[in-house]
Amino acid sequence: MIEKAIVHSRITGLGSAVPEQKLTNADLEQIVDTSDEWITARTGIKERRIARFDDSLTDYCTKAAQRAMEDAHVEPSEIDAILVGTISGDYRFPSTAIFIQSKLRAMNAFALDISATCSGWLYALFHADAMITAGKIRKALVLGAENLTRITDWEDRNTCVLFGDAAGAAVLEASNGEQGILSVDIGSNGDLAHLLYGRSENAGSPLIEESFHSRGNFLRMSGNEVFKHAVRTMLRASLKALKLADMKIDDIDWLFPHQANIRIVEAVAKRLRIPREQVFMNIHKYGNTSAASIPLALDDARREGKLKSGQTVLAVAFGGGFTWGSAVIRF
Ligand code: ACO
């Protein structure tokens, strides 16, 4: 029998992993001048997971990937590519994906990281989908993972209340059925990098004043500006993914937005005219986990029995760069 042409790629397994250690809003009240009331009202976050000193991002990623492969009934030797959206790997080099490959024994794969901040998982999905639909590979592990609390300034109440650590993974396979990635799109605007960035650990040199032992290496953000751009851009990106999939918002069962801030998500959902009960949120439990946010939410929703086979999802993310990504996925 002649095999039907591959029309798209499909998510066949999901998995996630988070550090054990919780940091609640009450804990943060002991660290900076803030309150549970302020954090809850302004962000929707109640607690987040943070890595201990000896925890490693590679370990969460490996656990998340193993869970996704079990879910997909796929062996490590079948994986052709490992793509990890992250900006906070354990090492400057080699990549996080390289360490995951070795831990999983996925020795037939090539492995690389993609640096696209909070849009990292959708960037990785875009590239894995393109390679699968081009027939270059058949099975990929697509991860989003961050240890942003390692680059957080714990004296800056504007940012330290926001972030949490996590890893999320999906197995992506060639598909010729109804389920799959119906559209995926990414974009960036490098003119706005100054609104959200983290300098390299040893940027500068001994010849440049303050280049060592400076607090300038932490994540820096102009929160208000980021907020405005996030709403506009996530709306635009959502509409683009719908258009590429030839769909309307009424065709969507769930919106899976990057869990950046409940107010950003509510503003986007209102403009998209999607009811609140169709917007999946878990920011109260994990905070903003950047690139891990969407795969973690998909896995959470599936385990909670909310995301079901046959449902269609609109996923959208926005992050430093600025970067953005969006996808319509049928499960
Ligand atoms: N506790 C108490 N007060 C605080 C805190 C805090 N943790 N943080 C700020 N404030 C104060 C400010 O100092 C300010 O006080 P002032 O009026 O006396 O100056 C007041 O609260 C209001 O500050 P704003 O910055 O205007 O607060 P806003 O409503 O904008 O909320 C926030 C701030 C939560 C950061 C919001 O702007 C936001 O979510 N921005 C987007 C963040 C985001 O989505 N990032 C995404 C990408 S992350 C990535 O890519 C890595």
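We count ligands from 1, going down the list as the structure has it; atoms in each ligand are counted the same way. Counting from 1, the numbers follow the sequence of the chain as shown. Computed from a predicted structure; not experimentally measured.
Linking ILVMFWY side-chain heavy atoms closer than 4.5 Å, directly or via other members, places Ile132 and Phe126 in a single hydrophobic cluster. Criterion: ILVMFWY side-chain heavy atoms under 4.5 Å apart, direct or through other members. Under it, Val171 and Val142 are not part of a common hydrophobic cluster.
Contacts with ligand 1 closer than 4.0 Å are made by side-chain heavy atoms of Val161 only, the backbone lying farther away. Proximity of Asn158 to ligand 1, defined as any heavy-atom pair under 4.0 Å, is shared by backbone and side chain alike. Counting heavy atoms closer than 4.0 Å to ligand 1, residue Leu196 contributes side-chain atoms (C-beta onward) but none from N, CA, C or O. Only the side chain of Asn288 comes within contact range of ligand 1, with a heavy atom under 4.0 Å; no backbone atom does. Counting heavy atoms under 4.0 Å from ligand 1, residue Thr159 does not touch it at all.
Atom CD of Gln21 has more than 12 heavy atoms from other residues, nucleotides or ligands within 6.0 Å.
Of the protein's heavy atoms, Arg157 NH2, 3.6 Å lies nearest to atom 11 (C) of ligand 1.
The two atoms that bring Phe280 and Pro257 nearest to each other are O-CD, 3.6 Å, heavy atoms only.
Remark: ligand 1 atoms within the under-4.0 Å shell around heavy atoms of Arg263 are 28 (P), 29 (O), 31 (O). Shown in contact with Asn261 at under 4.0 Å from a heavy atom are these atoms of ligand 1, numbered in order with element: 34 (C), 36 (C), 38 (C), 39 (O).
Not a single heavy atom of Glu146 sits less than 4.0 Å from an atom of ligand 1.
Ring centroids of His229 and Phe322 are separated by less than 6.0 Å, placing the two rings close together.
Of the residues listed (Asp55, Thr58, Asp59), the one engaging Asp90 in a side chain to side chain contact (heavy atoms under 4.5 Å, CB included) is Thr58, and it is the only one.
Shown here, atom 16 (P) of ligand 1 is out of close reach of the protein: none of its heavy atoms lies under 4.0 Å off. For atom 31 (O) of ligand 1, the protein comes within 4.0 Å by at least one heavy atom. In this structure, atom 19 (O) of ligand 1 has its sub-4.0 angstrom surroundings free of protein heavy atoms. Within 4.0 Å of atom 50 (O) of ligand 1, at least one protein heavy atom is present.
Which of Cys118, Ser293, Ala230, Gly223 comes nearest to atom 48 (S) of ligand 1 through a heavy atom is settled by distance: it is Cys118.
Under 3.5 Å, the side chains of Arg48 and Asn25 contain a donor-acceptor pair of N or O atoms. In this structure, a donor-acceptor pair under 3.5 Å is present between the side chains of Lys46 and Thr40.
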